[in-house]
Amino acid sequence: MDKKSDIIEKRKKKLLDLKKGNINLYPNDFVVSHSVGDIKKAIEEAPDYLAEDDPVFAVAGRMMAINRFGKASFIRFRDRTGQLQAYVRKDKIGDKAYNLFKQLDIGDFVGLSGGMFKTRTGEWTLLVKELKLVCKSARPLPEKFHGLKDPEKRYRRRHIDLIMNSDVRDIFIKRSRIIQAMRTFLLDRDFLEVETPMMQTVPGGAEATPFVTHHNALGMDLFLRIAPELYLKRLVIGGFERVFEINRSFRNEGVSTRHNPEFTMLEFYQAYARYDDLMDLTEEMLCHLARNLTGSTSIQYQGNIIDLGVKWRRISLASALEEFGGIDAGLLNDRKGLLEFASSNRIKVTKTGRLGKIVTKLFDVLVEPKLLQPTFVTGYPVEVSPLSRRSDISPELTDRFELFIAGHEIANGFSELNDPNDQKERFLQQVADREAGDKEAHYMDKDYIEALEYGMPPTAGEGIGIDRLAMLFTDSPSIREVILFPHMKPVERDKG
RNA sequence: GGGCCGUUAACUCAGUUGGAAGAGUAUCUGCCUUUUAAGCAGAGAGUCGCUGGUUCGAGCCCAGCACGGCCCA
């Protein structure tokens, strides 16, 4: 796969020469006593205590820069906890070790032992007494000023991106902390973390096109899940009254700055709660997250200040369409009028689609981008909410909300439909829609209906898009910036 | 699916009207024991994304394709 590259050819020849000189390029015997972080802590705690000879630190890391001065050199190296400078002198480490060191490159891993001293410019530096090669790098790192910038190369070779770009490292550390904080938030409230099938015989829980795969031994097709919802609710039926899952779902759709074919969701279900309880819980959770991550409930996203600390607005779908979309509420049941409105505003809607589909499409285009501050939208029509409980006040609407922040859909939650007969009717309607050409309509899931017949206590459930949340908290404009290995088309490599 | 932009050395990027492919970093050689974008002197390094076309001549113009970015659907 390699193109012939002068610099890489030379590097590989150097590795061969070192090997011929009986140098182990990949040893496994350097014992680390301290991390860079440990050493920095020691400096902070007792700087007067440090002397060149005592204590001795054994630390390992990747060399990121080398300044050579003939018989002495400064190097910068890094481990997971940070970066440190070291001073390597021929008269300290000996001729043999120094000659080996001269053969080493930026990007190599070294093990260093020595004490700390302060340079003329006052920088704490490791005075190396012993230097060992820990792992040889066979490829050069990108340039030190600009690093790796090309987005395609960054995504395809994320390992280099992570080596070179500390802001990228920070994004993924933050993402991990978001997930960790959500997990502890729910565990503290007596939720049980579970894992449900990713390969399903009937894909359910969302309107989306699934990926199909095949089980050879069983001789059957399986679907990668589009949501874990129906399995999590089976667990509620089974008596796990509070469950959550943080994991991947898969949707066979286009790729964009907001969509990746595989994405991460938190879904949680709480028996005896209602959808408005979950709105409260969500506010609390995201404020908890923000304080945890930044110490504040105010976050900056793409030039906008988002304030999570004030009571979030709650608005019905109809009012939102009226206020932000300029659609008269009286028009919402007028199919013909809505279609005319759509075409005069150059919004493409499927004309054969059902009324609720047209309404939500108009919402997506006209309202969603305008919802910068956190906003719960409620009152979704039954026909676009086939798993939600009907509103007791208006049976054509559901006890459901979606959460929007910074113009992105972040969460979707509702009181769960636990009437098996109503659920069956909803599935039948979905099946009819599917037969009429709606490829995203739900499948009939008889097994789930049967489970409901055993009785599911009144329950509210919610899904939160972790990737979108990570975008928000890391001020990332694209979902690819918060997914370690975003989906990329394969590129044809040179043969041989 | 559509529009705009990009693809040149390992990396970041220049490249004039179409007339002998450049810089910095990195690499290699020499000097250098307190540098920190170290310094000085020298050297090597390219399928200009791919395939065609126009032309005496193409990195540059045209067409198609691939991959990517942004926007729209």
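All chains are named by letter (A, B, ...) in the order of the sequence lines, taking the proteins before the strands, and each is independently numbered beginning at 1. Values below: all heavy atoms of this structure, side chains included; hydrogens, waters and symmetry mates excluded.
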Within this structure, what is the [atom1]-to-[atom2] distance between [X] and [N], rounded to whole angstrom?
X	N	atom1	atom2	result
A:Phe101	B:U33	CZ	C1'	12 Å
A:Glu9	B:A9	CD	C1'	14 Å
A:Lys102	B:C32	NZ	C1'	11 Å
A:Arg89	B:C32	CZ	P	15 Å
A:Met488	B:A66	CE	P	16 Å
A:Met164	B:A37	CE	P	15 Å
A:Ile8	B:C11	CD1	P	8 Å
A:Arg120	B:U33	CZ	C1'	10 Å

Any base atoms under 4.0 Å from [X], or only sugar-phosphate, or nothing? Heavy atoms, all strands.
X	answer
A:Gly254	nothing
A:Asp150	sugar-phosphate
A:Tyr98	nothing

To the nearest 0.5 Å, how far apart are CG in A:Leu224 and CZ in A:Arg251?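 Rounded to the nearest 0.5 Å, the CG-CZ separation comes out at 12.5 Å.
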
Looking at CZ of A:Phe74 and CZ of A:Arg68, how far apart are the two atoms once the value is rounded to the nearest 0.5 Å?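 Rounded to the nearest 0.5 Å, the CZ-CZ separation comes out at 14.0 Å.
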
With [atom1] as the reference atom in both, quote the distance from [N] to [M] in angstrom, rounded to an integer.
N	M	atom1	result
B:A38	B:A26	P	7 Å
B:G69	B:G49	C1'	15 Å
B:A66	B:U27	P	39 Å
B:A14	B:G57	P	30 Å
B:G39	B:U34	P	15 Å
B:C5	B:G22	P	29 Å
B:A21	B:C48	P	11 Å
B:G46	B:G53	C1'	24 Å

Please check the phosphate of [N] (OP1 and OP2 only) for any side-chain N or O of [X] closer than 4.0 Å.
X	N	answer
A:Lys489	B:C67	yes
A:Asn67	B:A38	yes
A:Arg68	B:U27	no
A:Lys14	B:C28	yes

For A:Lys153 and A:Ala65, take the nucleotide of RNA chain B holding the closest heavy atom to each; which residue's nucleotide lies nearer the 5' end?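 Result: A:Lys153.
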
Relative to each other, are the rings of A:His408 and A:Tyr301 parallel, tilted or perpendicular (30° and 60° limits)?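 Ring orientation of A:His408 relative to A:Tyr301: perpendicular.
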
In terms of the angle between their ring planes, are A:Tyr87 and A:Phe117 parallel, tilted or perpendicular, with boundaries placed at 30° and 60°?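 The rings of A:Tyr87 and A:Phe117 sit tilted, inter-plane angle from 30° to 60°.
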
Go through the N and O atoms of the side chain of A:Thr125 and the base of B:U34, and report whether any donor-acceptor pair is under 3.5 Å.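 No, the side chain and the base share no sub-3.5 Å donor-acceptor pair.
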
Give a yes or no on whether the backbone of A:Ile483 and the side-chain of A:Arg158 come within a donor-acceptor separation of less than 3.5 Å.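 Yes, the answer is positive, given that a donor and an acceptor are paired below the 3.5 Å cut-off.
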
Mark yes or no for whether A:Lys439, through its side chain, and A:Thr209, through its backbone, hold a donor-acceptor pair below 3.5 Å.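 Checked: no pair found.
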
So is the aromatic ring of A:Phe69 stacked onto the base of B:U33, judging by whether the centres are under 5.5 Å apart and the planes are under 30° apart?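 Given the distance and angle limits, no, they do not stack.
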
Given Watson-Crick or G-U pairs with both distances under 3.5 Å, what dot-bracket string fits RNA chain B, with | for other-strand pairs and [ ] for crossing? (((((((..((((.....[..)))).(((((.......))))).....(((((..]....)))))))))))).

How does each nucleotide of nucleotides 21-26 of chain B score, in 5' to 3' order, for protein heavy atoms under 4.0 Å: base (B), sugar-phosphate only (S), or none (-)? ---BBB

Does [X] pair with [Y] as a salt bridge, N-O distance under 4.0 Å?
X	Y	answer
A:Lys357	A:Glu207	yes
A:Arg313	A:Glu323	yes
A:Lys10	A:Asp6	yes
A:Asp467	A:Arg175	yes

Under 3.5 Å, which N/O atoms of the protein pair with N/O atoms of nucleotides 1-7 of chain B?
none

Does a donor on one side chain and an acceptor on the other come within less than 3.5 Å for A:Thr474 and A:Glu481?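 Their side chains do not contain a donor-acceptor pair, so the 3.5 Å distance test is not met.
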
Pairs under 3.5 angstrom only: tabulate donor-acceptor contacts from the side chains of residues 366-377 of chain A to other protein residues two or more places apart or in another chain.
unit_1   : atom_1 : unit_2   : atom_2 : d
A:Lys370 : NZ     : A:Phe324 : O      : 2.7
A:Gln373 : OE1    : A:Asp307 : N      : 2.9
A:Gln373 : NE2    : A:Ile305 : O      : 2.8
A:Thr375 : OG1    : A:Gln373 : O      : 2.7

Protein-nucleic acid N or O pairs under 3.5 Å, nucleotides 70-73 of chain B:
unit_1 : atom_1 : unit_2   : atom_2 : d
B:C70  : OP2    : A:Arg480 : NH1    : 3.0

Is there side-chain contact between A:Leu317 and A:Leu332, with at least one heavy-atom pair below 4.5 Å?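 No, their side chains stay 4.5 Å or more apart.
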
My understanding is that only one of A:Arg154, A:Arg156, A:Lys149 makes a salt bridge (charged side-chain N to carboxylate O under 4.0 Å, His left out) with A:Glu152; could you say which?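 Of all the options given, the one that passes is A:Arg156.
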
Nearest non-hydrogen partners of A:Thr264 and A:Arg248, listed with the distance: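 A:Thr264 and A:Arg248 have their closest heavy atoms at OG1-CD, 3.4 Å.
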
Apply salt bridge (Lys or Arg N to Asp or Glu O under 4.0 Å) to A:Lys13 and list each qualifying residue two or more places apart in sequence or on a separate chain.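 Partners of A:Lys13 by the salt bridge (Lys or Arg N to Asp or Glu O under 4.0 Å) criterion, ordered by chain and then number, come out as A:Asp17.
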
